[in-house]
Amino acid sequence: MTVNISDPLGLLAAQNGISDPLPEEAKAAAATRLTSPQVAASIGEPVPIVFCRQVSGSGGVFVSPRATEGRYENAASTNVLTVSLMLVLSEGNLPTLPIKDVFQGACRQGTWAQAYDRRAGTWTPGNAIGTTTLAGATIWNCPFYCGTSGRYDNMTTLSYINTFDDADTRWERQVHVFVRNGMQVTRILDDTLGSSNNFIDLALYLIRQSNQISETLIDTTGMTAAANFTNTNNFFFNGEFSNSTNLESWLTTTGNYFLLRLVQSEGKYTFKPRVVVNADHTIKTDRVEYDYEFTEEHLLPDGFEIDYIPFADRQDIVYDMMWRQQPDADIGFARSTQVKYDGLADSGPYEQHDLSAFCCYEDHAVKVAAYKLAVRRYVTHTLRIKVRPGIHSSTLEVGDICRVYLRRETAVGNPDFHDYLYEIERIEKTTGGACIFTLTHFPIDDLQRSLVAREVERATGPGTNIDVGRSDYTCDENDDDDETSLASEGVDYPAFDAPSFAETATEIAASTDPNDTVNNPLARGVTGDLEGQEAERGGRKNIISVTSNDEDELEADLNTDVVSYLVTPPNPGEKLTVSDSDFTCEGVVDWYRIHKDTGARELVRRSTKDSGTGNYELTLTTADMDHYIQAIGRCGDPSTASGFGPGQLLGETPVVPVNYNVYTTIIQTSGDSDDTASYRTYQGPAEIRYHPTKCINCNGQTTNCSNEEARPTYQVTNAWNPTTQGHPQCGSYETGGLAFSDLVRVDHCSLTQQQIDDAIEIPFVQSYSLYTTLDCD
Amino acid sequence: MSRRAQSQFLRIFDTSTTHVRWQSYYVNQTVTLDSNSWVFMPFAVNGITETGASGGQALSVEIPATNSVVEQVETALNLSRFVEIQIYEFDSMDDQNAPQTDQTLIAKFTGQLLSVSGNFTRLELELGSALAPVGAQVPPRKYNSYLIGAPLRL
């Protein structure tokens, strides 16, 4: 049974961003305190990413870097305090900052240096506060744990040095930096290395650096289109990314504030605009054409499910959009702009959205609010339809616009119609062919123009810059128009006491021992003869180890070596036997022939106990060559259909070798092929030829091979025993009788060279006896 | 009567090499598609979903647990290889000995092999991306002792 469970349609509004997340009332991210104490970096905190790019005097971000090293010393006579701080500005390489953009507290002060991939400044961290001769001097309460140095790989670092008169309380204040152009990445739109304010560039950087999504699963074409959309509509990212968060959550949430939707199409990730766009990536405000029309012809039974947006998500509301006003020559500050429909929700409710961490364009924040307001006002429902397969299966994709036009019979002769445009949120293509489309209402006006897109396009902020409210610039020691670059000054390891990689990391070497192979169960120690034989033969793999319980005699290992034969390896003609003393039950022995290479198994014979010997027997034939023989004993078991119980291995032979000199066949001794009576079974070579023309006949006499009676009738075995048989090869030849020879024994015979040359070696037979068979006549 | 038929093709690959091409429609045949040979393997895909919402993007494939499949799947899992699924639609009344030239690609999915489970005879592969919906992953780098040593304590 298959149970098909889909997401409840009611969740769609939250999943696709129609519903707002739970409002969070908190101060704007950009509302930083300027005179707070300096903050130090801590092990485990994220390395911040300063991502911004100033365009036409707009953009940039004001950040408060954390210190990792410090030095504090005072002058003996004046008690003037010199504070030196080493600060991490950002991951990556940032363009060199001008002196006008570095602050302590709210004031442009200090001597600065900037470095990349190294420690900035050359001073040594430590507390060198000493005694002073100044009467009534302040006791500087400076830190004693001033830090050691580090490698600062792929980081932009700053060195800050400033002096403070006796009793000056400003020495502890936080250092700030206005970064106009942030970390450099290869921008997707112009394929150039440089600072970027495009959200897609940051998203791609995070995706790649976090190794969460493989490059193969990124839809670069879609990402480029999304980058063009944000760029064209002035949705820029100018911010510092320093709070640890979930990547998917961040991409989705922050993407919403750029009117982008994170989608996965064909398994690949990309962003798509939340509003319809023109080819030039501007928001499309004219007639929208739909890509497909679904009618009742397409709908499958029970294939229509509708869910209306709840009241809470449709109520008129005031959006409090927070963003950051970022003056070119001063410290940025948080702004808010309220966005609502004219004459509606005059007294709330209010909902706050904080874009101040990255948004420094008022129109950007206002357009996001306009989108949210329009969705609340116009998008009334979501829909899920299940339709039969069709051309839409291959043409529609997420984000496309479709029309659902269904006839509803509400009264005789007066049909009603469900006729709306929808944006496709989700497509399920089932193996049965049916497609399930999850759709969001796409509201249009009478001219078929997108209501949401038009309101987003029209929305602009008041466009008024509020004065920064600064009344005193006397604390500035550096000019606010000083474009001088910070000094490029720093030191590399090992100039300072920075730990080495070996001191801070452990790399476990991967094993190169072949015995550690994890997928080889034989390497883990397989027990038992059966496994050993199989392993030796190499025919089977992954044998599970068999452990025996020898203490229980009923589970003790069986003797699996009770098949006996005369010669090892046995040859065709050999008789295999299993003694009834080894297989004591009343049963049968199944003899299997198993090919040495393929493992193909074939039942040769089921033998019962021989009435004469009491043994179970099998005589090998030439068909057994290249096979090994396995004896499986089965005791009688009347409870089974076959009458015999499960098999147990009694033994196996080695592979029977190929030996064409020894075989069993039938030879015709009569010239009449129909004279079956003259056929005679015999065992031995087809002919025994000791000379090119001379053979041995049935009676062991020499005869011409062309004679019919030259058929051999001798049995050749491998059991020749020179001690008992002498040297029949030689002797028999000399007596004119049994005369054939192998090349070894020729040396002992009184043969002519011609006879030696003519002697026939019978291959593969290592030794043999020749004697007259009983039925030779 | 519908004449619509669907065939499924599965490919395991990495950035430089395609390691296996299987198809499940042409029984006991090796067919050619896109100038490549696709060997028969009776796998089944549970359907493909394209969505803008988080969650639901995983896809599962059932496949026989033969030695070659187990070997390929284990390797793909260990080496983070990719699996591509293609579903084609064609007219079942036309020739079915090989992929038809005018068949239509109706669905495609590429993902990493996220997990494998099953029994002795059958494996179920879950395809998707490693983008985890929980846990903090960004910013990707954190301050550590190698980078900043023992930092200043204020």
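Below, chain A is the first sequence line, B the second, and so on; all start at residue 1.
Neither the backbone nor the side chain of Thr157(A) comes within contact range of chain B; no heavy atoms are under 4.5 Å apart. Residue contact with chain A, scored on non-hydrogen atoms closer than 4.5 Å, involves the backbone of Leu105(B) exclusively. The contact between Leu247(A) and chain B is made by backbone and side chain atoms together, counting heavy-atom distances below 4.5 Å. Looking at Glu69(A), the atoms closer than 4.5 Å to chain B (heavy atoms on both sides) all sit in the backbone: N, CA, C or O. Looking at Thr270(A), there are no atoms closer than 4.5 Å to chain B (heavy atoms on both sides), in backbone or side chain. Asn154(A) touches chain B through backbone and side chain together, each having a heavy atom under 4.5 Å away. Proximity to chain B is absent for every atom of Phe437(A), based on heavy atoms less than 4.5 angstrom apart. No part of Tyr88(B) comes within reach of chain A, as not one of its non-hydrogen atoms sits under 4.5 angstrom from that chain. Ala498(A) does not touch chain B: none of its heavy atoms, backbone or side chain, sits under 4.5 Å away. With a 4.5 angstrom heavy-atom cutoff, Thr395(A) does not touch chain B via any of its atoms. Interface remark: Tyr146(B) contributes backbone and side-chain atoms alike to the contact with chain A (heavy atom separation under 4.5 Å). Proximity to chain A (any heavy atom under 4.5 Å) is restricted, for Thr104(B), to the side chain, taken from C-beta onward. Interface residue Glu397(A): backbone and side-chain heavy atoms are both found under 4.5 Å from chain B. Only the side chain of Glu89(B) comes within less than 4.5 Å of a heavy atom in chain A; its backbone stays farther off.
Judged purely by atom type and a 3.5 angstrom limit, Ser210(A) has no side-chain atom pairing as donor or acceptor with the backbone of Pro140(B).
Remark: Ile106(B) CD1 to Ile391(A) CD1 distance equals 10.5 Å, nearest 0.5 Å. The distance from the CZ atom of Arg141(B) to the CE atom of Met155(A) is 4.5 Å, given to the nearest 0.5 Å.
Leu154(B) pairs with exactly one of Glu172(A), Gln38(A), Arg66(A) by the side-chain contact (heavy atoms from CB on, under 4.5 Å) rule, that one being Gln38(A).
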Q.
Apply side chain to side chain contact (heavy atoms under 4.5 Å, CB included) to residues Ile148(B) and Tyr152(A) and explain how you reach the verdict.
A. CA-CA 6 Å; Ile148(B) 62 171; Tyr152(A) 304 106; 3.8 Å; yes
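Comparing Thr504(A), Ile427(A), Val88(A) by heavy-atom pairs within less than 4.5 Å of chain B, the highest count is held by Ile427(A). Across Ser80(B), Pro151(B), Ala107(B), Gly111(B), the residue that shares the most heavy-atom pairs under 4.5 angstrom with chain A is Pro151(B).
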